[in-house]
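Below, each value reflects all heavy atoms present in this structure, side chains not excepted, and no hydrogens, waters or symmetry copies. These numbers were taken from a predicted model, which means no experiment stands behind them.
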Amino acid sequence: MLVTALGHAGLKVKTDAAEILIDPWFSPEGAFLGSWFQYPANDHLLASDLTNPDAIVISHEHLDHVDGWFLARVGLSVPVFIPKYHSPALKAKITSGGDRPLIELDEWDERVVADGITVFFVSEESPMNHDSAMVIRSAGQALVNMNDARLSPAQIRRIRTRLGGHVDGLAVQGAGASWYPICYRYPKEHKQALSVKKRRAKLKYVSRVHDLLEPDVTIPFAGPPAFLDEDLRFANAEMDEGGIFPTQDQVADWLAKQATDANPLVLLPGDSFQLGDGEVHRDATWSGFTFADRDSYLDSYAHRRRTEIAAVRARHPVPTTDLWDDFCAYFDRVLSMSSYFNERIDMNVGFEILGPGGGAWSVDFREGQQQLRRGTENCQYTYSFDSRWLPSILDGSTPWEDFFLSLRFEAWRVPDLYNDHLLGLLKFAWPDALSAVEQWERDDQASDTIDILLDGVTYRIERYCPHGRQDLRETAEILPNGILRCLGHHYEFDLATGGCVNGRSRPLESRVVSVGDRGQEMVTSESTDEQPEASNGPRASE
């Protein structure tokens, strides 16, 4: 297989018989309301014949992976293969440019997508997160493409087993896709400390995936984005050491330092790599390019994209009428969608809509107090943003998660705890997807346990994280002061009480079973075996 980088998470896989595209993103308006842009730019590739592949494979619904602008330029006979999700959001984005063959695959269901090329998807375990890794195979070679997905160690091992123990190539994201802590109202020093923490956690995950798969070559990709709008240029500083958006070369350097057998390969748009023989072909466009010369490159890039950014704003004009009634109609529907989600949100959420048509409003999700009010007094979570962006959110053309990824807002919360169900309700707003989360979370797995020995005290805890059910035998990290962190999604729990200290999760079931010699280790106890490779397990963030 010849693998060509198309920019960001986009890849082209070409064999002697066929050619497929994976998560192609070329829109000249970037993504997320003109916020994210491909870095470095990939528009020079549009001069080649990319609009007539044999098939397209798309991992999930984020607009830097599913590009309606590009899909509208691809023949409607070209099929698109996607994972099966409970929400229709991905299908709607794909078909916005016209109906085409759209094939949804169940998890682990391997299909031929073009002559001699197959694909199967592996989705995140929790249905709260619609994201999937994909595995592309042809002529005995395999490319594991993680894109934005955070799979559990058990899932990653199962992929390797299914591939016969050998992975030719791994494409993995090191930059993340998040608005936290960038958009939160924190003191500068605290925000910087949180960014460092988030960066390290992501890079540790990259190392863990590499160690589990042991690929012949690892390709850092899927970020970082560039921010070209003057209102957002500050976010480019997150590419610096300590920011949440490390560049591809920084991820490659990290891998090279962490594993002596690592073979990281940075591919810029148009660069290609032949799986198997290791031959690399470099696009002459990038002669002299360096990520270190970021500022001057982005200045020129922003100048070239100023017309497209202005066009995005023009499609979102400042409102001329009061938006309160539309706001109420929208959230009346949201409040009626899921009593389960309302109970777990359990707080008053504020919205400070700035500018004409806006106001200070709140949505109370608490039992017995569910209503909408003018004013944001006594809100535990508050979002603030310009009124021009609200109409497209209320009419559904801009999903909440797409808006949050635009970074065009500010947020604060008291107490400072992440509420996964608030984001889940806003980003899905679809009964089937909400019901799938409820059913999955009600399926209790607390009967399996593991033992943690910490400073002479043995704690018996449930084996699976209460938040995303990652196996704590493999994803637990013990922090100072008796805090256990699950490396799956970074939820932290106090071993003494079981309480979640950085989010609104069900407590971790934890009890002291013995007190003895000081030390620290983890041992399994009363745990069940992993599922065999051949069986299909249950399908399933700041």
Taking atom types as modelled, find out whether Thr398 and Ser392 have a side-chain donor-acceptor pair closer than 3.5 angstrom. yes

Output all residues satisfying side chain to side chain contact (heavy atoms under 4.5 Å, CB included) with Gln155, sequence neighbours left out; order by chain, then residue number. Glu107, Val122, Glu125, Leu151, Ser152

Between Ser178 and Lys198, is there a side-chain heavy-atom distance shorter than 4.5 Å? yes

Which residues satisfy the salt bridge (Lys or Arg N to Asp or Glu O under 4.0 Å) test with Asp249, sequence neighbours excluded? none

State whether the side chain of Gln380 and the backbone N or O of Asn378 hold a donor-acceptor pair below 3.5 Å, judged by distance alone. yes

For Pro317, which residues count as a side chain to side chain contact (heavy atoms under 4.5 Å, CB included) partner, sequence neighbours excluded? none

Measure from the side-chain N and O atoms of Thr290 to the backbone N and O of Ala292, and report whether any donor-acceptor pair falls under 3.5 Å. yes

Of all the heavy-atom pairs spanning Leu422 and Asn419, show the shortest one and how long it is. N-OD1, 2.9 Å

Below 4.0 angstrom, N of the basic side chain to O of the carboxylate: do Lys197 and Glu492 qualify? yes

Those residues at least two apart in sequence (or on a different chain) that pass salt bridge (Lys or Arg N to Asp or Glu O under 4.0 Å) with Arg185 are Glu410

Can you name the salt bridge (Lys or Arg N to Asp or Glu O under 4.0 Å) partners of Glu241, sequence neighbours left out? Arg199

How about Phe289 and Tyr297: are their ring centres within less than 6.0 Å of each other? yes

Could you check whether atom CD of Gln439 has more than 12 heavy atoms from other residues, nucleotides or ligands sitting under 6.0 Å from it? no

Could you give all pairs that pass the salt bridge (Lys or Arg N to Asp or Glu O under 4.0 Å) test and reach residues 20-49, with sequence neighbours left out? Glu29-Arg315, Asp43-Arg305

Return the set of residues passing salt bridge (Lys or Arg N to Asp or Glu O under 4.0 Å) with Lys91 (not counting sequence neighbours), or none when no residue passes. Glu104

Side-chain donor/acceptor of Lys93 to backbone N/O of Glu61, under 3.5 Å: yes

Does His316 offer a backbone N or O that forms a donor-acceptor pair with the side chain of Arg388 under 3.5 Å? yes

Just grab all the salt bridge (Lys or Arg N to Asp or Glu O under 4.0 Å) pairs involving residues 320-334, residues at least two apart or on different chains. none

Determine whether a donor-acceptor pair (N or O, by modelled atom type, separation under 3.5 Å) exists between the side chain of Arg313 and the backbone of Ile309. no

Sort out for me which residue in Tyr180, Tyr383, Tyr184 forms a ring-ring contact (aromatic ring centres under 6.0 Å, His included) with Phe404. Tyr383

Taking all non-hydrogen atoms of both residues into account, name the closest pair between Phe327 and Leu394 and its distance. N-CD1, 3.7 Å

Nearest heavy-atom approach of Ala433 to His130 is CB-CE1, 4.5 Å

Just by distance, do the side chain of Tyr205 and the backbone of His489 share a donor-acceptor pair under 3.5 Å? no

State whether a side-chain donor-acceptor pair under 3.5 Å links His65 with Asp148. yes

Determine whether Phe81 and Ile58 make a side-chain contact, defined as any pair of heavy atoms from C-beta on separated by less than 4.5 Å. no

Just how far is it from atom NE2 of His467 to atom OG of Ser126, taken to the nearest 0.5 Å? 6.0 Å

Salt bridge check, Arg408 against Asp386: does any charged N sit closer than 4.0 Å to a carboxylate O? no

Among Leu268, Asn42, Thr4, Leu45, whose side chain to side chain contact (heavy atoms under 4.5 Å, CB included) with Asp283 holds? Leu45

Ring centroid separation Trp25 to His62 under 6.0 Å: no

Taking the side chain as every heavy atom from C-beta outward, state whether Val209 and Val144 have any atom pair closer than 4.5 Å. no

Using a 3.5 Å distance criterion without hydrogens, assess whether the side chain of Ser406 forms a donor-acceptor pair with backbone atoms of Phe403. yes

Could you check whether any side-chain N or O of Glu352 sits under 3.5 Å from a backbone N or O of Thr376, counting only pairs where one atom can act as donor and the other as acceptor? no

Identify the two heavy atoms, one from Gly503 and one from Leu417, that lie closest to each other, and give their separation to 0.1 Å. N-CD2, 3.6 Å

Is the backbone of Asp131 close enough, under 3.5 Å, to the side chain of Arg150 for a donor and an acceptor to pair up by distance? no

So do Leu323 and Pro391 actually touch side chain to side chain, heavy atoms under 4.5 Å? yes

Residue that, paired with Phe351, satisfies ring-ring contact (aromatic ring centres under 6.0 Å, His included) out of Trp400, Trp324, Tyr330: Trp400

So CG of Asp364 and CZ of Phe331: to nearest 0.5 Å the spacing works out to 12.5 Å

Between Phe409 and Trp389, is any pair of side-chain heavy atoms under 4.5 Å apart? no

Show, in sequence, the C-alpha distance, side-chain angles and deciding distance for Ser123 and Tyr85, and conclude whether the side chain to side chain donor-acceptor pair (under 3.5 Å) test is met. CA-CA 9 Å; Ser123 299; Tyr85 295 126; 4.9 Å; no

Checking Tyr186 against Asp416: is there a side-chain donor and acceptor pair closer than 3.5 Å? yes

State, with a plain yes or no, whether a side-chain heavy atom of Ser435 is found less than 4.5 Å away from one of Tyr340. no

Minimal non-hydrogen separation, Ala235 against Leu407, with atom names: CB-CD1, 3.9 Å

Strictly by salt bridge (Lys or Arg N to Asp or Glu O under 4.0 Å), give each pair with a member in residues 293-303 just once, sequence neighbours left out. Arg233-Asp299, Asp240-Arg294

Can you tell me how far apart CG (Asn145) and CD1 (Ile22) are? Round to the nearest 0.5 Å. 5.5 Å

Sequence neighbours excluded, which residues qualify as side-chain hydrogen bond (donor to acceptor under 3.5 Å, both in side chains) partners of Thr95? none

Reported OG1-to-CG distance for the pair Thr218 and Leu170, which is rounded to 0.5 angstrom: 4.5 Å

Charged N to carboxylate O under 4.0 angstrom, Lys204 versus Glu477? yes

Closest approach of Phe365 and Gln370, non-hydrogen atoms and distance? O-NE2, 3.4 Å

So which of Ile20, Leu21, Leu143, Leu6 actually passes side chain to side chain contact (heavy atoms under 4.5 Å, CB included) with Leu11? Leu143

Taking side chain to side chain contact (heavy atoms under 4.5 Å, CB included) as the test, write out the residues that go with Asp346, two or more places apart. Arg366, Arg504

Could you tell me whether a side-chain N or O of Lys427 sits under 3.5 Å from a main-chain N or O of Met128, the two making a donor and an acceptor? yes

Would you say Met239 and Tyr39 make side-chain contact, with heavy atoms under 4.5 Å? yes

Residues two or more places apart in sequence or in another chain: which of them pass ring pair (Phe, Tyr, Trp, His ring centres under 6.0 Å) with Phe245? Phe227

Angle class for the Phe70/Phe26 ring planes (parallel below 30°, perpendicular above 60°, tilted otherwise)? tilted

